[in-house]
Student: 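Before we start, here is the structure in question, set down as structure tokens.
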Amino acid sequence: MLLIKNGHVIDPHSGLDKKTDILIKNKKISDIKENISSVGKKSIDASDKIVAPGFIDMHVHLRDPGQEHKETIETGSKAAAKGGFTSIACMPNTVPVNDNSGTTEYIIAEAIKRASVNVFPIAAVSMGQKGELLTEMADLIKSGAIAFSDDGYPVSNSQLMRRCLEYARELNTLIIEHCEDLDLSSGGVMNEGYPSYLLGLQGIPDYSETVMVARNIILAEKTNSRLHLAHMSTKGSVELIKAAKNKGLKITSEVTPHHLFLDDSLLSDYDTNLKVNPPIRTKLDNKSLIEAVKQGIIDVFATDHAPHSPDEKEVEFNEAPFGINGLETAVSLILDKLVNKKIISLNRLVEMYSCNPAKILGLENKGKIEIGSDADLTIIDTEKEITVDVNTFQSKSRNNPFHSWKLKGSPVVTIVGGKVAYSSLKQNPSAE
Amino acid sequence: MKEKIKARVMDSRKIKRAFNRMATEITERNRDLNNLVIIGIRTRGVHIAKRIAKLIKEYDNVEVPMGILDITLYRDDFSELEDKHIVKKTEINFSIENKDVLLVDDVLFTGRTIRAAMDSLIDLGRPKTIQLLVFIDRGHKELPIKADYTGKSLPTSRREQVKVKLKEIDKKDEVLITEPGGIG
Amino acid sequence: MSFNKKHLLGIQYLTKSEILTILDTAESLKEISKREVKKVPALRGKTIINLFFEPSTRTRSSFELAAKRLSADISSFSKASSSAVKGETLKDTVLNLEAMQTDALIIRHSASGTPHFLSTFCRSHVINAGDGTHEHPTQALLDAFTIREEKGKLKGLKVVIVGDILHSRVARSNMFLLNKMGVKVVLVGPPGLVPPQMARLGAQVDYNMDRAVQDADVIMMLRIQLERQQKNFFPSVREYRNLFSLTPKRFETARKNAIIMHPGPINRDIEISTQLADSLKSVILKQVENGIAIRMAVLYLLLGGKERDVTD
């Protein structure tokens, strides 16, 4: 049993927004009411803190199996717990690619053994992510795959994308698409624009994303299926998604903190920690994405946590792999730059970090705080001031561009299935 | 840095007389004036050299070729330069091979400038002889360098500075001893 | 006159005053190469490494001679390919070289931003001899020096740069430099190779060669890489030639005594017709001569004077 006392509970799903206590028993939420007695129970004092349904990051690269020098399921999950996440969904671009039940089952077994948080494997759409033949989706769902994606790559062949959407529809599973026209982006290493001309680096035009967003929305409409668009980065994409939602299409989408708060003028020092795909765009795109978050056009915050070992990033800009590490800074960034600046409410933050991802992934007992739902909770201190220090990261990687940023607001306790996966509070929950 | 004038050791008349004397000495010592070339060290040495050349023309009607030497690239004592990096042109449009070179500078102090000038000359060719004319010899030599012709010998302390002011650049001819000081 | 930088990473980081200092210093140093003993002791005892990851005989030997004429010790290392993929990383290679107590590293590399990258961990002065499609500062400096020599000034001239601007580090460096000196720059080429946004770097963009070349004081032709045709930047060499090559007829509309420049090597009869290439020759030879003076000036201003013992 675990008792969370005196916290301000925010759950957009049920409309809860008040100071109350939560009792956890057998990995589920067993009681929600004020002044629950703490006699004989382990308890955490959440006074002056926000208690939310556990956060879910539906776009994480764990690199395990095959690239364990960058990250493992264990280290990635520790990073997630520190960042306030209780569940993560991991992408299939591992080595080997997760296009078979063996790899899916390995990830699940590894997670049970060593992970601090819930880990949900996303399996590949096509064999080897080659974009030619569909994977055995039904079989993979049986093994535990929670969704499908060829992330890292788009499904370039429109006929394959159509078949994949039809097939997934009948299995009632989710396709997550990385939107990129590989011919338009070919050879590019940063956003195409004035900074790329100044720096002599080949550019990736913003419409290499937008043309594929347009294609994907049309295919989703014509096949009457749902579709989730990964890491949106452009104003153009926002406009298309807005129109799609107005039409009632089943399109959802996500955005990363780095696409909200960083722009391409920052690349003037050729810092490889800013090299990411889709690339960091312009201030205009930042503004448009923030507005989209406000207006409900974008549904989810996701990190696209892409760890690389420090050696791999300390090379010439052209040679460096794409990717930004994000799990341990994501929540603080949104708290500092959107919530504390009164651009969005805490309610909206919880929606985008918890309720919406749970709904989209079909995790019925998560993303909410009600009696019988899973005991996954994220406790946040909105006043806590932190200075980002990559050297204290739980992740194996250090490729995070926010080092030494001062942020106000931080997750402080992460509870997964009723157990404390991470806590920075100086409390010892009193004996059971 | 503020400086105050300690003494005015030469006025324009004394300077004129010194130039006349030196020009006479040069023509006496150099039998074959046609083999003489004069090279002034930037910047004030150049103006002094010009005046000497003019006087020689007056006295003996010989047009002695004149050159300008910039020794920045040969220095070993960069602190003495106000702006360490400025390299100006060396303009010596004649050969110094086998010539009697008269090197001219305004003040002889540690001797390092002259050392650098000689190294530079030797890279330009092989003169027959090198003679040295300085307007003021202020002592404190650090190298075995001696002037053949001196406008005036002036004992000074290390702290002091000797300023040779010339009409061509400073509006009047005078030689001053200055010292850092005054409330800056 | 001033020069306070530790590295020479590009023209875009230099002030107008620093550029003038380099040009004026080069002017003073030029006569050294005309002497019989082409040497001054200014950089005696300094160790310089030429680190060339892209093949180049001209720029490399130009830097070598410039260093030697200032009495520095210089050694050239060339590596055929970018190291990251094939074994030792660039960082390791450079740290190994620095362990030999180098004072300066002259780097040419196919990846833009490499000199920046080196400056984040090198003790030595870093000099950019051409990085990817980013900058080639000494080329632009010697081009400007040559133009100033030929025309007596820079300000108020009209300079037209023709060709693959998008992929040209020479074009970028020249644009930055000429812009800072008050020169009107016009960029000409096929639309894909001269994106309109490049006007923001300090130039006018035109896609009509006949119109652009009128009243030009200087016409700088860039080398066109024929592989670009495979990527559909232009349909064929024939069409490129018809639209953008410098023919005698086009050259006639330029100002009297206009000069033609080319960073070399030339694709004869593609970028420029043979008759003009030979008139171009004399300027090219001047550019080579000035290249030594400019590179001597750069080495002197970065390495000269400072670290010596103060005797007084």
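Residue numbers start from 1 in every chain, and the chains themselves are labelled A, B, ... in the order their sequence lines are given, proteins ahead of strands.
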Student: So C:Val40 and B:Asp119, side-chain contact (heavy atoms from CB on, under 4.5 Å) or not? Walk me through it.
Tutor: CA-CA 9 Å; C:Val40 292; B:Asp119 274 357; over 6 Å; no

Student: Give, as side chain, backbone, both or neither, the part of C:Lys38 having an atom under 4.5 angstrom from any heavy atom of chain B.
Tutor: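 No part of C:Lys38 comes within 4.5 Å of chain B.
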
Student: Looking only at heavy atoms, which two atoms of B:Thr90 and C:Glu31 are closest? And how far apart?
Tutor: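 Shortest heavy-atom separation between B:Thr90 and C:Glu31 comes out as CB-OE2, 3.5 Å.
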
Student: Measuring from atom CG of B:Leu73 to atom CG of C:Leu29, what distance do you get when rounded to the nearest 0.5 angstrom?
Tutor: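 Atom-to-atom, B:Leu73:CG and C:Leu29:CG are 5.5 Å apart.
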
Student: Could you check whether any side-chain heavy atom of B:Val87 comes within less than 4.5 Å of a side-chain heavy atom of C:Asp24, counting everything from C-beta outward?
Tutor: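 Side chain of B:Val87 against side chain of C:Asp24, heavy atoms only: no contact under 4.5 Å found.
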
Student: Looking at C:Lys151, I'd like to know if its NZ atom is crowded, meaning that more than 12 non-hydrogen atoms belonging to other residues, nucleotides or ligands lie closer than 6.0 Å.
Tutor: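 It does: C:Lys151 NZ has more than 12 such atoms within range.
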
Student: May I ask you to decide whether C:Glu27 forms a salt bridge with B:Lys89, counting only side-chain N to carboxylate O separations under 4.0 Å?
Tutor: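 The answer is yes: the pair qualifies as a salt bridge.
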
Student: Out of curiosity, C:Glu36 CD to B:Ser95 OG, how far, rounded to the nearest 0.5 Å?
Tutor: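 Going from CD on C:Glu36 over to OG on B:Ser95, the span is 9.0 Å.
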
Student: With a cut-off of 6.0 Å (strictly less than), are more than 12 heavy atoms of other residues, nucleotides or ligands near NZ of B:Lys57?
Tutor: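 Result for NZ/B:Lys57: enclosed.
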
Student: How about C:Ile32 and B:Asp123: do any of their side-chain heavy atoms sit closer than 4.5 Å?
Tutor: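 C:Ile32 vs B:Asp123: side chains apart.
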
Student: Decide if atom CD1 of B:Ile5 counts as having more than 12 heavy atoms of other residues, nucleotides or ligands within a radius under 6.0 Å.
Tutor: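 Atom CD1 in B:Ile5 is not crowded, with 12 or fewer foreign heavy atoms closer than 6.0 Å.
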
Student: Tell me, yes or no, whether the heavy-atom count around B:Lys16 atom NZ, taken from other residues, nucleotides or ligands under 6.0 Å, exceeds 12.
Tutor: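 Not buried by this count: 12 neighbours or fewer within 6.0 Å.
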
Student: If you count the non-hydrogen atoms of other residues, nucleotides and ligands that lie under 6.0 Å from CZ in B:Arg29, is the total more than 12?
Tutor: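 For B:Arg29, atom CZ is crowded (more than 12 foreign heavy atoms under 6.0 Å).
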
